[in-house]
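Below is one structure, written out as structure tokens, with a few remarks after it.
Naming: A, B, ... by sequence-line order, numbering from 1 per chain. Only this structure's heavy atoms are used, side chains among them; waters, hydrogens and symmetry mates stay out.
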2 protein chains.
Amino acid sequence: MIHTFKKVSAKTILTAMPDFFYNNKLYYNPVEFAMDRIGGTWKMPILWRLKDKVMRYGELKKDIPHITHKMLTSQLRELEEEGFIKRKVYAVVPPKVEYSITTRGKRAVMIVDIIRNYGLELMKEFGVEENKNTGTKNRK
Amino acid sequence: MIHTFKKVSAKTILTAMPDFFYNNKLYYNPVEFAMDRIGGTWKMPILWRLKDKVMRYGELKKDIPHITHKMLTSQLRELEEEGFIKRKVYAVVPPKVEYSITTRGKRAVMIVDIIRNYGLELMKEFGVEENKNTGTKNRK
DNA sequence: CAGTATCCGCCGAGATACTG
DNA sequence: CAGTATCTCGGCGGATACTG
């Protein structure tokens, strides 16, 4: 499985990956499909947090900087609906809800991990350093 | 271009987290950084096409279904500016421009490959079937 | 504590027209 | 052939208020 690519015609390439629909949305390729499942600003940080531990809503909220109440809720819902995480509600007052990763979620975390390491690699190449909050102000 | 800003709350300053800036944009983690370089709808399809061959603008345009003139141009510019591809202009009439992948771009393709295969994996799990061209012009 | 419901601004991306 | 320049729009994601 090392760098052996068959030569193919232009037509083959074109027809190799037809468009397809999922939930009434048109996708052009598998990358789009994958990124629609685990992409966006918050899904990966969430999956990352749950990769090896069960967490309550409030814990996630505290652990993930900048995330808003609305986004945490909606992204948790989507991840749950598509089987990446599991939601367990305890019938107590006040409410207690625990989130945990599924098998599918664990597989996703592997991908997140790869992208994350690649990101770190790129940051080095681009000379980006973490924790440079100097000059941070409300801007825009 | 990449001159956008995220809003930063006062809480950001108080929280010691690995946020960082690049091109005046605030990032929360390495994944975001990576996806801003090679993410979006078109960068991966473009890199994918150039992975093992030099291509002219028109060839890319023909080979990448659905991409618009504007998006192809702008994405090629960004990929070039950040060193993922190289642009070679021939001083002839009519114009001839060739795009090729760089070392950095080749590394990126490896990641694209991984995400792509993961996408195919997910599609199987989700029971997604290929759809023939329905004549749909706009997605969604 | 955890979850909805609204309102809204911004940005990626499409459509279209014009140029050397 | 390859490249700009505008205009437009939908949707992600932020801010805020209300609820059991």
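Remark: C1' of C/dG12 and OH of A/Tyr28 are 13 Å apart, rounded to the nearest angstrom. At whole-Å resolution of the value, CD in A/Glu32 and C1' in D/dG11 are 15 Å apart. As a whole-Å value, the separation of B/Met71 CE from C/dA15 C1' is 13 Å. To the nearest angstrom, P of D/dA15 lies 14 Å from CG of A/Leu72. In this structure, A/Met35 places its CE atom 14 Å from P of D/dC12, rounding to the nearest Å. Rounded to an integer number of Å, the gap from NZ of B/Lys61 to C1' of C/dA15 is 12 Å. Rounded to whole Å, the distance from CG on B/Asp36 to C1' on D/dC12 is 14 Å. What separates CG of B/Leu26 from P of C/dC11 is a distance of 13 Å, to the nearest Å.
Distances shorter than 4.0 Å separate none of the side-chain N or O atoms of B/Thr68 from OP1 or OP2 on C/dA13.
The stretch residues 85-94 of chain A participates, sequence neighbours left out, in no salt bridge (Lys or Arg N to Asp or Glu O under 4.0 Å) pair at all.
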- request: Evaluate the side-chain contact (heavy atoms from CB on, under 4.5 Å) criterion for residues B/Tyr118 and A/Met35: first the C-alpha distance (whole Å), next the side-chain angles of each, then the deciding distance (0.1 Å), finally the verdict.
  value: CA-CA 10 Å; B/Tyr118 176 62; A/Met35 294 315 295; over 6 Å; no
task: Check step by step if salt bridge (Lys or Arg N to Asp or Glu O under 4.0 Å) holds for A/Glu82 and A/Arg104.
output: CA-CA 9 Å; A/Glu82 304 198 314; A/Arg104 175 175 292 166; over 6 Å; no
Per-pair distances, 0.1 Å, donor-acceptor, side chain in residues 71-78 of chain A, under 3.5 Å, sequence neighbours excluded:
| residue | atom | partner | partner atom | Å |
| --- | --- | --- | --- | --- |
| A/Thr73 | OG1 | A/His69 | O | 2.9 |
| A/Ser74 | OG | A/Lys70 | O | 3.3 |
| A/Ser74 | OG | A/Met71 | O | 3.2 |
| A/Arg77 | NH1 | A/Tyr99 | OH | 3.4 |
| A/Glu78 | OE1 | A/Lys43 | NZ | 2.7 |

task: Report the secondary structure of DNA chain D in dot-bracket form, marking unpaired bases with a dot and bases paired to a different strand with |, and treating Watson-Crick or G-U pairs with both distances under 3.5 Å as paired.
output: ||||||||||||||||||||
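Side-chain contacts under 4.5 Å among hydrophobic residues (ILVMFWY), followed directly or transitively, place A/Val92 together with A/Tyr90.
For A/Glu80, there are no side-chain hydrogen bond (donor to acceptor under 3.5 Å, both in side chains) partners at least two apart in sequence or on another chain. For the side-chain hydrogen bond (donor to acceptor under 3.5 Å, both in side chains) test, no residue two or more places apart in sequence or in another chain qualifies with A/Arg56. Checked against side-chain hydrogen bond (donor to acceptor under 3.5 Å, both in side chains), A/Asp36 has the following partners two or more places apart in sequence or in another chain: A/Lys25, A/Tyr27. For A/Trp48, the ring-ring contact (aromatic ring centres under 6.0 Å, His included) criterion is met by no residue, not counting sequence neighbours.
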Could you list the protein-to-nucleotides 2-6 of chain C atom pairs, N/O on both sides, closer than 3.5 Å?
| residue | atom | partner | partner atom | Å |
| --- | --- | --- | --- | --- |
| C/dA2 | OP1 | A/Arg56 | NE | 3.0 |
| C/dA2 | OP1 | A/Arg56 | NH2 | 3.2 |
| C/dA2 | OP2 | A/Gly58 | N | 2.6 |
| C/dG3 | OP1 | A/Arg77 | NH2 | 3.2 |
| C/dG3 | OP1 | A/Arg87 | NE | 2.9 |
| C/dG3 | OP1 | A/Arg87 | NH2 | 2.6 |
| C/dG3 | OP1 | A/Tyr99 | OH | 2.9 |
| C/dG3 | OP2 | A/Tyr99 | OH | 3.2 |
| C/dG3 | O5' | A/Arg77 | NH2 | 3.3 |
| C/dG3 | N7 | A/His69 | NE2 | 2.1 |
| C/dG3 | O6 | A/His69 | NE2 | 3.2 |

